[in-house]
**Student:** 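Sharing a structure here in structure tokens format.
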Protein chains: 2
Amino acid sequence: MEFVGSVVTGVATLSQTMEDGRRQMVGLLLPSDFVGRPGREYAAFNVEATTDVTLCKFARKPFEKLLNDMPHLRERMLEMALDELDAAREWMLLLGRKTAREKIASLLMIIAKRQNTLKPIENVEELKFELSLTREAMADYLGLTLETVSRQINALKKDGVIELERKRHVFVKDITRLLNETGDDADGGYFE
Amino acid sequence: MEFVGSVVTGVATLSQTMEDGRRQMVGLLLPSDFVGRPGREYAAFNVEATTDVTLCKFARKPFEKLLNDMPHLRERMLEMALDELDAAREWMLLLGRKTAREKIASLLMIIAKRQNTLKPIENVEELKFELSLTREAMADYLGLTLETVSRQINALKKDGVIELERKRHVFVKDITRLLNETGDDADGGYFE
DNA sequence: GCAATAATTTGATCCAGATCAAGGCAGAAC
DNA sequence: GTTCTGCCTTGATCTGGATCAAATTATTGC
């Protein structure tokens, strides 16, 4: 853990593994996300790139010094940490209480939302995006098996909620329809 | 959300509920834990006391001003937020990948550890503590049903891992034995 | 192009934990 | 004491998602 930084392009994941190989992703690192933890020597989680990733990197020690000199930076860091905490807690609801289908729909919504930061998602009628995760990575993120992920994605496709092109390109004609599949309150979380 | 503060005595929980009533706890608030979020108007989660709780309360606005005047305080807040984030991520592994028995054992370890802050838990041979949560609250915390919680607690008792007194008092003769049931690496997380 | 390899789908079967349904028990109110 | 009321346990059954086992389809390297 000699560096901290932030993702510029690409997708990386943050995960934990148990001794017997069970694996849970605990964070998705998309462009603009911060990587690493100031004030701690060791890395608590594994970071892995799933696509080629460009990082904007700082040596940790000088960065910590910078934090002391620039109160604004620490304020920003606190804000980011609290936002991540909220996101982690949303994810806890998903892992603990949602069905497989709701989990998939929620993940698609999150990726869709992150790839479309230009305008609020409720004003977008249709949406096309790239799924830069393998079925296995999605499974590890959602607490499912890759077979279940595959089956549920195809079920959503069969039901006309999404369309697929070459396995990794998703096309959503009606976002409200997908949102209804997430199990979330219509006005909570995704529309902000 | 007019106040922020910190728990002095008692136990409270932080939870989220879905429209159809499914519920997931996302945080356990024990003495010394911080409640509320500076810099945000609304509360994203429900806070509920499970026992009588004493809070040390601050009005949010003045507290935010205090944050600006005292850089140390903001540093401390950042540290606390990052620790909570780590804890939330640990919890994600539990929710996504652990078995019911492992979930119960992990919860017992966490409560045991929090009630015994005097010496590192690996030096304690036996331990007695109060379980201030109902079976239902534990279920909501672990992403299980209350029946499964009851069955698994009694299974751990039958297997001699724990002893029970009046349903809510737990007695652990051999902490290593309980730790082995959590599914966690022997040296990770609980021993710090 | 043509392997070789990785990712995905699909089918059959299984099982941990959910669900449904009574009971049991302890503390509180009377 | 007795009746409530809120927990907790226990049993029977069901089921969503896991597991095991092949195909099938993309992607990569040559």
Side-chain angles (χ1 to χ4, degrees), chain A residues 11 13 18 20-25 48-52 94-108 130-159 162-170 181 183, chain B residues 11 13 18 20-24 48-52 93-108 130-159 162-170 181 183:
Chain A
V11 180
T13 58
M18 292 171 71
D20 60 7
R22 277 176 285 174
R23 193 172 201 272
Q24 176 64 51
M25 288 192 186
E48 255 170 77
T50 61
T51 63
D52 288 345
L94 177 144
L95 290 172
R97 295 302 189 192
K98 288 188 178 181
T99 64
R101 176 183 261 243
E102 288 169 343
K103 286 179 175 181
I104 297 285
S106 301
L107 180 61
L108 293 178
E130 167 92 32
L131 207 47
S132 19
L133 297 172
T134 65
R135 300 286 185 257
E136 189 179 25
M138 288 188 255
D140 285 341
Y141 205 10
L142 299 170
L144 296 171
T145 59
L146 66 95
E147 291 96 330
T148 299
V149 169
S150 176
R151 279 186 248 268
Q152 294 296 335
I153 285 184
N154 288 311
L156 285 175
K157 179 182 163 194
K158 191 161 75 66
D159 296 347
I162 61 173
E163 280 170 49
L164 283 182
E165 213 175 300
R166 296 192 304 104
K167 311 288 184 203
R168 297 285 192 90
H169 288 75
V170 181
E181 297 284 355
Chain B
V11 180
T13 59
M18 292 171 71
D20 61 6
R22 277 175 285 173
R23 193 170 201 274
Q24 177 63 52
E48 255 169 78
T50 60
T51 63
D52 288 346
L93 175 64
L94 176 145
L95 290 172
R97 295 303 189 192
K98 288 190 178 179
T99 65
R101 175 183 262 243
E102 288 169 343
K103 286 179 175 183
I104 297 285
S106 302
L107 180 61
L108 293 179
E130 167 90 33
L131 207 46
S132 20
L133 297 171
T134 65
R135 300 287 185 257
E136 190 178 25
M138 288 188 254
D140 285 341
Y141 205 11
L142 299 170
L144 296 171
T145 59
L146 67 94
E147 293 94 332
T148 299
V149 170
S150 175
R151 279 187 250 266
Q152 294 296 337
I153 285 184
N154 288 312
L156 286 175
K157 180 181 160 193
K158 191 160 75 66
D159 296 347
I162 60 173
E163 280 169 47
L164 283 183
E165 213 175 300
R166 297 192 302 104
K167 311 289 182 202
R168 296 286 191 91
H169 288 74
V170 181
E181 296 284 353

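Lettering of chains follows the sequences in order, A, B, ..., and the numbering in each one begins at 1. All values reported here derive from a predicted model rather than from experimental measurement.
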**Student:** Can you confirm whether B:Asp52 is buried at CG, in the sense that more than 12 heavy atoms of other residues, nucleotides or ligands lie under 6.0 Å from that atom?
**Tutor:** no
**Student:** Can you tell me which nucleotide in C:dC20, D:dA18, D:dC8 comes closest to the side chain of B:Glu147?
**Tutor:**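 Between C:dC20, D:dA18, D:dC8, the one nearest the side chain of B:Glu147 would be C:dC20.
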**Student:** In this structure, how many angstroms lie between the C1' atom of D:dC8 and the NE2 atom of B:His169, rounded?
**Tutor:**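 The answer, rounded to whole Å, is 16 Å.
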**Student:** In whole Å, I'd like the distance from the CD1 atom of A:Ile104 to the P atom of C:dT9.
**Tutor:** 10 Å
**Student:** When you measure from the side chain of A:Asn154, which nucleotide among C:dT9, C:dA18, D:dG17 comes out closest?
**Tutor:**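 That would be C:dT9.
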**Student:** Please determine whether a side-chain nitrogen or oxygen atom of A:Ser150 lies at a distance below 4.0 Å from atom OP1 or OP2 of C:dT8.
**Tutor:**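 For A:Ser150, the contact criterion (side-chain N or O under 4.0 Å from OP1 or OP2 of C:dT8) is not met.
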**Student:** Is B:Lys167 near enough to D:dT9 that one of its side-chain N or O atoms lies under 4.0 angstrom from OP1 or OP2?
**Tutor:**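 So the side chain of B:Lys167 is within the cut-off, an N or O lying under 4.0 Å from OP1 or OP2 of D:dT9.
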**Student:** Does a nitrogen or oxygen in the side chain of A:Thr145 sit under 4.0 Å from OP1 or OP2 of D:dA18?
**Tutor:**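 Yes, such a contact exists.
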**Student:** Take the protein atom CG of B:Leu146 and the nucleotide atom P of C:dG17, then report the distance between them rounded to whole Å.
**Tutor:**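 One finds 15 Å between P of C:dG17 and CG of B:Leu146, rounded.
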**Student:** Report the distance from atom CD of B:Gln152 to atom C1' of C:dA18, rounded to the nearest whole Å.
**Tutor:**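 The distance from CD of B:Gln152 to C1' of C:dA18 comes to 13 Å, rounded to the nearest Å.
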**Student:** Any donor and acceptor pair, going by atom type alone, linking the side chain of A:Ser150 with main-chain N or O of A:Leu146 inside 3.5 Å?
**Tutor:** no
**Student:** Closer to the 5' end of DNA chain D via nearest nucleotide, is it B:Met138 or A:Arg166?
**Tutor:** B:Met138
**Student:** Checking all strands, does B:Arg101 fall into the base, sugar-phosphate, or nothing category for heavy-atom contacts under 4.0 angstrom?
**Tutor:**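 Touches nothing.
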**Student:** Could you please name the option among D:dA18, C:dG17, C:dT8 that lies closest to any side-chain atom of B:Leu144?
**Tutor:**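 The answer is C:dG17, which lies nearest to the side chain.
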**Student:** Take a 6.0 Å sphere around CD of A:Glu136 and say whether it holds more than 12 heavy atoms from other residues, nucleotides or ligands.
**Tutor:**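 Not more than 12 within 6.0 Å, no.
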**Student:** Starting at atom CZ of A:Arg135, determine the distance to atom C1' of C:dT9, rounded to an integer number of angstrom.
**Tutor:** 9 Å
**Student:** Calculate the interatomic distance between B:Glu102 atom CD and C:dA16 atom P; express it in whole Å.
**Tutor:**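 Atom CD in B:Glu102 sits about 13 Å away from atom P in C:dA16.
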**Student:** Starting at CG of B:Leu133 and ending at C1' of D:dC7, how long is that distance when rounded to a whole Å?
**Tutor:**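 Rounded to the whole Å, the gap is 14 Å.
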**Student:** Can you check whether A:Arg151 has a side-chain N or O nearer than 4.0 Å to OP1 or OP2 of C:dT9?
**Tutor:**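 No, no such contact exists.
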**Student:** How close do B:Ser132 and B:Thr50 get, counting heavy atoms only, and between which atoms?
**Tutor:**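 Closest pair (atom of B:Ser132, atom of B:Thr50, distance): O-OG1, 3.6 Å.
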**Student:** Applying side chain to side chain contact (heavy atoms under 4.5 Å, CB included), run through A:Thr13 and A:Leu133 and close with a yes or a no.
**Tutor:** CA-CA 10 Å; A:Thr13 58; A:Leu133 297 172; 4.3 Å; yes
**Student:** Given atom CZ of A:Arg168 and atom P of C:dA6, what is their separation to the nearest angstrom?
**Tutor:** 14 Å
